[in-house]
> 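Right, I'll just put the structure down here and ask away after.
None of the values given here were measured: they were computed from a predicted structure. All heavy atoms count here, side chains included; hydrogens, waters and symmetry mates do not. Chain A is the first sequence line, chain B the second, and so forth, proteins listed ahead of strands; every chain is numbered from 1.
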2 protein chains.
Amino acid sequence: MFRLSKITDYGIVLLAHLAKRAPGLGTQATSHNARELASEVDLPVPVVSKILKSLTRAGVLESHRGAKGGYSLARRPEDLSVVEMITALDGPVALTQCNMGTEVCEHEGSCAVRNPWQVINQVVRYSLSGVTLADLINPSFSAQHAPLSSLGRYMQGEPPRSRVS
Amino acid sequence: MFRLSKITDYGIVLLAHLAKRAPGLGTQATSHNARELASEVDLPVPVVSKILKSLTRAGVLESHRGAKGGYSLARRPEDLSVVEMITALDGPVALTQCNMGTEVCEHEGSCAVRNPWQVINQVVRYSLSGVTLADLINPSFSAQHAPLSSLGRYMQGEPPRSRVS
DNA sequence: TATTTACAGAACCAATTCGGTCCGATATCC
DNA sequence: GGATATCGGACCGAATTGGTTCTGTAAATA
């Protein structure tokens with residue numbers, strides 16, 4: 001199947017919720033704990049906790065342990081792309097296994113489509129890297145088809161704006 | 001995981017192989033049987049057979065039964081988009097389950113990212129619909145980043161060229 | 001017409017993956 | 001020192017996937 005896992009789906013919902021609820025960056029003051037977030041988003045606590053841990057390990061969130069601890073965004077929503085969220089939760093964005101890098105494809109000799117797939121992957125990656133967390137929580141975004149503008153910038157040679165420099 | 005199934009991967013390899021080997025359209029003369037194709041692509045015969053059946057059911061291939069039968073492309077490679085191949089093998093291209101249409105998402109009330117996901121899906125779909133089977137077997141394609149040109153056309157309001165009219 | 005070839009369709013099974021839970025350890029606040 | 005909350009695993013049942021097998025049917029050929 002082409003769709004991504006529920007964990008990734010939930011994770012993006014959580015990030016959007018965090019961005020909406022605490023626009024400020026990750027100080028202790030703006031952090032929310034897993035139980036609180038779970039009830040707000042209406043998902044089981046262990047699941048939310050697991051997702052938040054993954055996002056923290058990937059550097060998307062910051063964690064504060066101990067009493068009054070919790071999670072908060074590690075970056076501004078404008079600086080967090082959809083590609084990075086998906087990568088953090090689901091691994092690298094690659095449509096075919098040949099493009100995963102590490103493992104060797106045993107059909108390499110007879111495989112005629114390796115390079116084209118790489119181009120396709122690149123296009124998908126770039127289109128998704130043009131959409132940021134800030135876009136996701138912007139109500140006027142969906143109506144405007146905004147990601148296309150970032151694609152336009154990409155086509156003119158400009159790197160996607162969400163890229164961390 | 002964001003990647004697509006092995007079946008889809010194999011299927012596209014098979015289609016590319018067919019397009020390379022028999023550029024002409026689906027007359028009996030240009031058809032190849034499952035066993036032959038399986039040995040050429042170096043995959044188990046039952047797997048190849050299963051994939052070819054799916055592609056036939058989806059209208060991507062034509063089948064000829066009986067002795068000297070086999071499979072052949074139902075359309076010219078230029079008229080077959082990657083989106084259609086993936087759809088035929090893996091179902092509709094949709095990244096999150098909320099976008100699958102039929103089933104109802106139980107978190108709809110607290111879900112803040114439904115519309116943005118639809119936009120993202122659309123961008124992915126259009127970028128993939130701009131790449132055709134003919135592109136996949138064109139050696140100079142990968143170097144040129146050709147899919148971007150179709151994205152450019154899309155952004156100017158033109159429908160993707162691979163769409164069947 | 002009998003035989004051979006090859007697709008059609010469905011059931012089937014083993015293995016991997018995924019969604020979700022649980023627990024001991026560690027760090028922080030009061 | 002006690003309470004709170006994350007960290008990092010292991011863990012399990014269920015769903016999906018990759019792959020096989022079998023019976024039926026259509027077409028070509030002798």
Side-chain angles (χ1 to χ4, degrees), chain A residues 1-11 13-14 18 26-29 31-39 41-72 74 89-91 96-97 100 103 105-107, chain B residues 1-11 13-14 18 26-29 31-39 41-72 74 89-91 96-97 100 103 105-107:
Chain A
M1 47 176 171
F2 186 63
R3 69 200 89 86
L4 36 75
S5 66
K6 280 189 180 181
I7 293 296
T8 305
D9 198 344
Y10 298 163
V13 172
L14 281 168
L18 263 173
T27 70
Q28 203 112 346
S31 79
H32 307 271
N33 67 41
R35 192 157 27 82
E36 181 186 343
L37 286 169
S39 82
V41 174
D42 196 28
L43 286 173
V45 180
V47 174
V48 169
S49 178
K50 187 182 198 172
I51 294 172
L52 295 173
K53 276 185 262 184
S54 299
L55 290 172
T56 303
R57 230 169 306 164
V60 170
L61 292 181
E62 278 176 3
S63 66
H64 308 281
R65 302 175 71 160
K68 291 217 160 202
Y71 297 91
S72 52
L89 293 160
D90 242 7
T96 57
Q97 295 184 323
M100 290 294 289
E103 62 186 85
C105 175
E106 67 266 31
H107 309 106
Chain B
M1 47 171 170
F2 186 63
R3 69 199 90 85
L4 36 74
S5 66
K6 280 189 181 180
I7 293 296
T8 305
D9 197 347
Y10 297 164
V13 171
L14 280 168
L18 263 173
T27 69
Q28 203 110 348
S31 79
H32 307 272
N33 66 44
R35 193 159 26 85
E36 181 187 343
L37 286 169
S39 81
V41 175
D42 197 28
L43 286 171
V45 180
V47 174
V48 169
S49 178
K50 187 183 199 172
I51 294 171
L52 295 173
K53 276 185 261 186
S54 299
L55 289 172
T56 303
R57 232 169 305 166
V60 171
L61 292 182
E62 279 176 3
S63 66
H64 307 282
R65 302 175 72 158
K68 292 215 157 204
Y71 296 91
S72 52
L89 292 160
D90 243 6
T96 58
Q97 294 185 325
M100 290 295 289
E103 62 187 85
C105 175
E106 67 266 33
H107 309 105

> Is B/P46 touching bases, backbone alone, or none of the nucleic acid, heavy atoms closer than 4.0 Å?
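Since a base atom lies under 4.0 Å of B/P46, the category is base.
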> For nucleotides 8-12 of chain C, give me every protein contact, N/O to N/O, under 3.5 Å, one pair per line with atom names.
residue: C/dA8; atom: OP1; partner: B/S63; partner atom: OG; Å: 2.7
residue: C/dA8; atom: OP2; partner: B/Y71; partner atom: OH; Å: 2.8
residue: C/dG9; atom: N7; partner: B/K53; partner atom: NZ; Å: 2.8
residue: C/dG9; atom: O6; partner: B/K53; partner atom: NZ; Å: 3.2

> Would you kindly give the CD1-to-P distance between B/I51 and D/dT17, to the nearest whole Å?
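Computing the B/I51:CD1 to D/dT17:P distance gives 14 Å.
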> Roughly how many Å is it from CD in A/E62 to C1' in C/dT28, rounded to a whole number?
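Between C1' of C/dT28 and CD of A/E62: 16 Å.
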> Out of C/dT4, D/dG18, D/dT4, which nucleotide sits closest to the side chain of B/A67?
C/dT4
> Using atom NZ of A/K68 as one end and atom C1' of D/dT4 as the other, report the distance to the nearest whole Å.
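It is 11 Å, rounded to the nearest whole Å.
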> For the residue pair B/K53 and B/S49, establish whether any side-chain heavy-atom pair is separated by less than 4.5 Å.
yes
> Do A/Y71 and A/S63 come close enough that some side-chain heavy atom pair is under 4.5 Å?
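Yes, at least one pair of side-chain atoms sits under 4.5 Å.
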> Are A/V13 and A/L43 close enough that some pair of their side-chain heavy atoms sits under 4.5 Å apart?
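A/V13 vs A/L43: side chains apart.
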> Between C/dC7 atom P and B/L55 atom CG, what is the distance in whole Å?
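B/L55 atom CG is separated from C/dC7 atom P by 13 Å.
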> Side chain to side chain contact (heavy atoms under 4.5 Å, CB included) with B/I51: which of B/L37, B/L61, B/L14?
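Of the listed residues B/L37, B/L61, B/L14, the side chain to side chain contact (heavy atoms under 4.5 Å, CB included) partner of B/I51 is B/L14.
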> Using atom CG of A/L89 as one end and atom P of C/dC18 as the other, report the distance to the nearest whole Å.
13 Å
> Nearest whole angstrom, please: distance from the P of D/dT4 to the CG of A/N33.
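In whole Å, D/dT4 P lies 12 Å from A/N33 CG.
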> Atom CD1 of A/I7 to atom C1' of D/dA15: distance rounded to whole Å?
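The distance from CD1 of A/I7 to C1' of D/dA15 comes to 14 Å, rounded to the nearest Å.
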> Using the side-chain heavy atoms of B/R35, tell me which of these nucleotides is nearest: D/dG18, C/dG19, C/dA6.
C/dA6
> Does D/dG18 have OP1 or OP2 under 4.0 Å away from a side-chain N or O of B/Y10?
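Checking D/dG18 against B/Y10, no side-chain N or O comes under 4.0 Å of OP1 or OP2.
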> Write down the distance between CG (B/L61) and C1' (C/dC7), rounded to a whole number of angstrom.
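Atom CG in B/L61 sits about 12 Å away from atom C1' in C/dC7.
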